Peer 1: 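Got a structure for you, written out below as structure tokens; questions coming shortly.
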Amino acid sequence: MRIAIVGLGLIGGSLALKLTEQGYAVFGISRNLMTCEQALALGAVQACGTELAQLQAWDPQLVLICTPLEQVLPTLTALLPYLSAETVVSDVGSVKQPIVRPATQLWPLFVGGHPMAGKTTQGIQSAEADLFVGRPYVLTPIAETRPQTLEILQELVAVVGAEGVFTDPARHDRAVAWISHLPVMISASLITSVSQEVDPVILELARTLASSGFRDTSRVGGGIPQLGLEMARHNRQAVLANLRSYQQHLQQIETWIEKEQWDGLSQFLEQTQREWRQFPVNQPQP
Ligand code: NAP
């Protein structure tokens, strides 16, 4: 299969590396000639260009739009003159509702996708062929989605070593608000709270003592600001609803501690210990 990737950043670059490694013919489009040179040097693509018009010559069966979320629909619009009638298009954006229906109206062979893997760094220099191995890769068909788009995307998901998960864009956005977007806001607040410790000696000591617990809870808040902003702007309702729920729990914890109601806090922590194990990602690896 011939695959074109538009936007050779962390996600686009990682997909390109893996697909090339698996023997697919991968072509890259970047706004930046230097990124193209890097992609070629890494062996991520077999050809790369800075003009969307180059797609016509490569005639890909699949185009993956791996730009920031705001650029997915403008990029698709700009691509339209260069797509052949059978070309399937997908994106990798972390929010699906604002994208999937308008994109399908623009191009009926569109299907939304979201590989659930990332890093705190961006750009092709951070790309890894195995970034998606064992991770969920969400596909979000709607009633208008053509079956052949799903066949091609399922092949892609399998080839990058991911686990396909099907849901609709609205459910996707509500679920990722809980496990991806809310954690970014919580983690960012944690970093800010610690950093605002007024005693410089305590702050320095806290930084020195910070170990795996702080690293785990602060990691996503210390990531790329643009991604957090993207989540909040485009998944606003779900993020707001989840922030409110989270604040209620924090408030409850504060009350238990203030009133020294240790039974309440203890039962709560016992319950969260049980619930934590319900997430497959927290279960012991075989
Ligand atoms: P990234 O490393 O910054 O890559 C994005 C790439 O998009 C850039 O390298 C750039 O490629 C291109 N781009 C940037 N601004 C553009 C613009 N104005 N117009 C056209 N192209 C532009 O970011 P990423 O982490 O790969 O994120 C890309 C997409 O993946 C986003 O939609 C995000 O929601 C989604 N996503 C991210 C993660 C994550 O954790 N990072 C996880 C899952 C999904 P060129 O310089 O080559 O043009």
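As the structure lists them, so they are numbered: ligands from 1, and atoms in each ligand from 1. We count residues from 1, following the sequence as given. Everything numeric here is computed off the predicted structure, so don't read it as measured data.
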Peer 1: Which of these, Gly113, Gly223, Ala117, has its nearest heavy atom closest to atom 42 (C) of ligand 1?
Peer 2: Ala117
Peer 1: If hydrogens are left out, which of Leu227, Ile11, Ile224 has an atom nearest to atom 26 (O) of ligand 1, that is, the closest non-hydrogen atom?
Peer 2: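 Heavy atom nearest to atom 26 (O) of ligand 1 belongs to Ile11.
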Peer 1: For Lys18, give me all partners under salt bridge (Lys or Arg N to Asp or Glu O under 4.0 Å), at least two apart in sequence or on another chain.
Peer 2: Glu21, Asp130
Peer 1: Would you say the side chains of Glu275 and Gln271 form a donor-acceptor pair under 3.5 Å?
Peer 2: yes
Peer 1: Does ligand 1 have an atom that lies less than 4.0 angstrom from a heavy atom of Leu69?
Peer 2: yes
Peer 1: For atom 40 (O) of ligand 1, which protein heavy atom lies nearest, and how many Å away is it?
Peer 2: Gly118 CA, 3.2 Å
Peer 1: With respect to Thr67, determine whether any N or O atom, backbone or side chain, lies less than 3.5 Å from an N or O atom of ligand 1.
Peer 2: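 It does: an N or O of Thr67 is found under 3.5 Å from an N or O of ligand 1.
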Peer 1: Please work out which of the three classes, parallel, tilted or perpendicular, describes the rings of Trp58 and Phe27, given edges at 30° and 60°.
Peer 2: parallel
Peer 1: Is the count of non-hydrogen atoms from other residues, nucleotides or ligands lying under 6.0 Å from Gln283 atom CD greater than 12?
Peer 2: yes
Peer 1: Quick one: look up the protein heavy atom nearest atom 35 (C) of ligand 1 and list residue, atom name and how far away it is.
Peer 2: Val92 O, 3.3 Å
Peer 1: Quick check: Leu10 and ligand 1, any N/O pair under 3.5 Å apart?
Peer 2: yes
Peer 1: For Arg174, does the CZ atom have more than 12 heavy-atom neighbours from other residues, nucleotides or ligands under 6.0 Å away?
Peer 2: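 No, not enclosed.
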Peer 1: Does atom CD of Glu51 have more than 12 heavy-atom neighbours from other groups under 6.0 Å away?
Peer 2: no
Peer 1: In terms of side-chain heavy atoms, does Glu70 have a donor or acceptor partner in His234 at a distance below 3.5 Å?
Peer 2: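 His234 and Glu70 do have a side-chain donor-acceptor pair below 3.5 Å.
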Peer 1: Have a look at Gln122, Arg31, His114, Lys119 and point out the one with the heavy atom closest to atom 1 (P) of ligand 1.
Peer 2: Gln122
Peer 1: What residues form a salt bridge (Lys or Arg N to Asp or Glu O under 4.0 Å) with Arg219, not counting sequence neighbours?
Peer 2: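 So Arg219 forms no salt bridge (Lys or Arg N to Asp or Glu O under 4.0 Å) with any residue.
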Peer 1: Quick check: closest heavy atoms across Thr67 and Thr75, and the distance to 0.1 Å?
Peer 2: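 Looking at all heavy atoms of both residues, the closest pair is CG2-OG1, 3.9 Å.
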Peer 1: How close does the nearest protein non-hydrogen atom get to atom 45 (P) of ligand 1, and which residue and atom is it?
Peer 2: Ser30 OG, 3.2 Å
Peer 1: Nearest to atom 33 (C) of ligand 1, what protein heavy atom do you find, and at what distance?
Peer 2: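 Protein heavy atom with the smallest distance to atom 33 (C) of ligand 1: Glu230 OE1, 3.5 Å.
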Peer 1: Is the shortest N/O to N/O distance between Gln226 and ligand 1 below 3.5 Å?
Peer 2: no
Peer 1: Taking only heavy atoms of Ser94 into account, list the atoms of ligand 1 that are under 4.0 Å away from them.
Peer 2: 34 (O)
Peer 1: Are the side chains of Leu131 and Ile11 in touch, meaning some heavy atoms are under 4.5 Å apart?
Peer 2: yes
Peer 1: Can you report which non-hydrogen protein atom sits closest to atom 43 (C) of ligand 1, along with the distance?
Peer 2: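 The closest heavy atom on the protein side is Pro115 O, 3.2 Å.
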Peer 1: How many angstroms lie between atom NZ of Lys96 and atom CG of Asp168, to the nearest 0.5 angstrom?
Peer 2: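 One finds 12.5 Å between NZ of Lys96 and CG of Asp168.
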Peer 1: Can you list the ligand 1 atoms lying under 4.0 Å from a non-hydrogen atom of Gly93?
Peer 2: 32 (O), 34 (O)
Peer 1: Just going by heavy-atom distances, which of Cys66, Ala78, Gly9 is nearest to atom 28 (C) of ligand 1?
Peer 2: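 Comparing heavy atoms across Cys66, Ala78, Gly9, the nearest one to atom 28 (C) of ligand 1 lies in Cys66.
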Peer 1: I want to confirm something. Looking only at heavy atoms, which of Gln71, Arg135, Met231 is nearest to atom 18 (N) of ligand 1?
Peer 2: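 Residue with the shortest heavy-atom distance to the ligand atom: Gln71.
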Peer 1: I'd like to know whether ligand 1 has Gly13 as a neighbour, heavy-atom separation below 4.0 Å.
Peer 2: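 Not so, Gly13 does not reach ligand 1.
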Peer 1: What is the nearest protein non-hydrogen atom to atom 7 (O) of ligand 1, stated with its residue, atom name and distance?
Peer 2: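 Minimum-distance protein heavy atom for atom 7 (O) of ligand 1 reads Pro68 CD, 3.3 Å.
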